[in-house]
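Report on one structure; see the data block that follows.
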Amino acid sequence: MKIATWNVNSLRVRLPHLLPWLAANAPDVMCLQETKCEDETFPAAELAAAGYRTLHHGQRTYNGVAILSRAAGGAACRGIPAFEDPQSRVIAADFDGMRVVSVYVPNGQSVGSDKYAYKLRWLEALREWLRAELAAHPKLAVLGDFNVAPEDRDVHDPKAWEGQVLASAPEREALRGVLGVGLADAFRLFEQPEKSYTWWDYRMGAFRRNLGLRIDHVLLSPALASGCASCTIDAAPRRLERPSDHAPVMCEVAA
DNA sequence: ATGGTAGAAACTCTA
């Protein structure tokens, strides 16, 4: 079974990249972030024509998360149940005994800002919810844009990024807390090329110079990690004209 | 030095 995640940075703009990517890679489940549209304007018909059912937790202008799937999902959940949040950042559903969660963790803007405090609170709430989800669903996969580079090797210039948002110690600690409920970073289950990143700033020719961060992740419970066959970043869509600033991440798990 | 690019939407905010 192939599961994947991609922060598309506007689904409407990126549909011409997403549809060919789905056709070429054929994920069974695809998590999206930053759809930036309301449920009413979600391109469900175009995705249905491509063979995908859709679950969306939409929002106008900002945020918005979705799960696309070949088969119908069950027990869909929008948001973190015990966390009041006006922003659409989480959607989850069951697929044949596997619980899949699509997350868009707050960016945090800058260390010490209100948005940074919200990000840390948000990651705590996510951690506690996932602890309960894992107890209820041994096959748990959490995919999305976590807006945290876990280690220095996930940052193109660790010195320059030291203490900065996306790489600061409290954010890394918060992400370690999420992993600590019993989830593995699927990408690091395998040997990977050095300087592997999933996000490159649009500015300063960052992608051309590979000035990136690895902030999009696939987290797997032990039952899924033990049967995980691969986890790869596909940088190809970042080279297209008018790309998302993020690359998709694909992961093969036992069916 | 606080730039620069992109998206949505409305002349600004978020990333």
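Chain A is the first sequence line, chain B the second, and so forth, proteins listed ahead of strands; every chain is numbered from 1.
- Counting to the nearest Å, the P atom of B/dA6 and the CZ atom of A/Arg242 are 9 Å from each other.
- Residues in residues 103-115 of chain A take part in these side chain to side chain donor-acceptor pair (under 3.5 Å) pairs, two or more places apart or across chains: A/Glu34-A/Tyr104.
- Legend: residues meeting salt bridge (charged side-chain N to carboxylate O under 4.0 Å, His left out) with A/Glu46, ordered by chain and number and at least two apart, are absent.
- Here, B/dA9 and B/dG3 have their P atoms 25 Å apart, quoted to the whole Å.
- Grouping Ile, Leu, Val, Met, Phe, Trp and Tyr by side-chain contacts under 4.5 Å, direct or through others, puts A/Val181 with A/Ile80, A/Phe83, A/Val90, A/Val101, A/Val103, A/Val105, A/Tyr118, A/Trp122, A/Leu123, A/Leu126, A/Trp129, A/Leu130, A/Leu134, A/Leu140, A/Val142, A/Phe146, A/Val148, A/Leu175, A/Val178, A/Leu179, A/Leu183, A/Leu219.
- Applying the under-4.5 Å side-chain rule to Ile, Leu, Val, Met, Phe, Trp and Tyr, the cluster around A/Leu211 consists of that residue alone.
- Judged by distance alone, with hydrogens and angles left aside, the side-chain atoms of A/Arg238 form no donor-acceptor pair with the main-chain N or O of A/His246 at under 3.5 Å.
- Counting only residues at least two apart or in different chains, salt bridge (Lys or Arg N to Asp or Glu O under 4.0 Å) contacts with residues 195-220 of chain A comprise A/Asp154-A/Arg214, A/Asp185-A/Arg214, A/Asp201-A/Arg203.
- Listed by chain and number, the residues in a salt bridge (charged side-chain N to carboxylate O under 4.0 Å, His left out) with A/Glu133 are A/Arg99 (sequence neighbours excluded).
- Separating the CG atom of A/Asp201 from the P atom of B/dT5 is a distance of 10 Å, rounded to the nearest angstrom.
- Across the P atoms, B/dC11 and B/dA1 are found 32 Å apart, a figure rounded to whole Å.
- Heavy-atom distances under 4.0 Å link DNA chain B to no residue of residues 209-218 of chain A.
- The other members of the hydrophobic cluster of A/Val111, by chain and number, are A/Tyr116, A/Leu120, A/Val155, A/Trp161, A/Val165, A/Leu166, A/Trp199, A/Leu213, A/Ile215 (side-chain heavy atoms under 4.5 Å, ILVMFWY only).
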In 5'-to-3' order, the base (B), backbone-only (S) or no-contact (-) status of each nucleotide in nucleotides 9-15 of chain B, using a 4.0 angstrom heavy-atom cut-off, is SS--BSB
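- Checking the phosphate oxygens (OP1, OP2) of B/dG7, a side-chain nitrogen or oxygen of A/Arg14 falls inside 4.0 Å.
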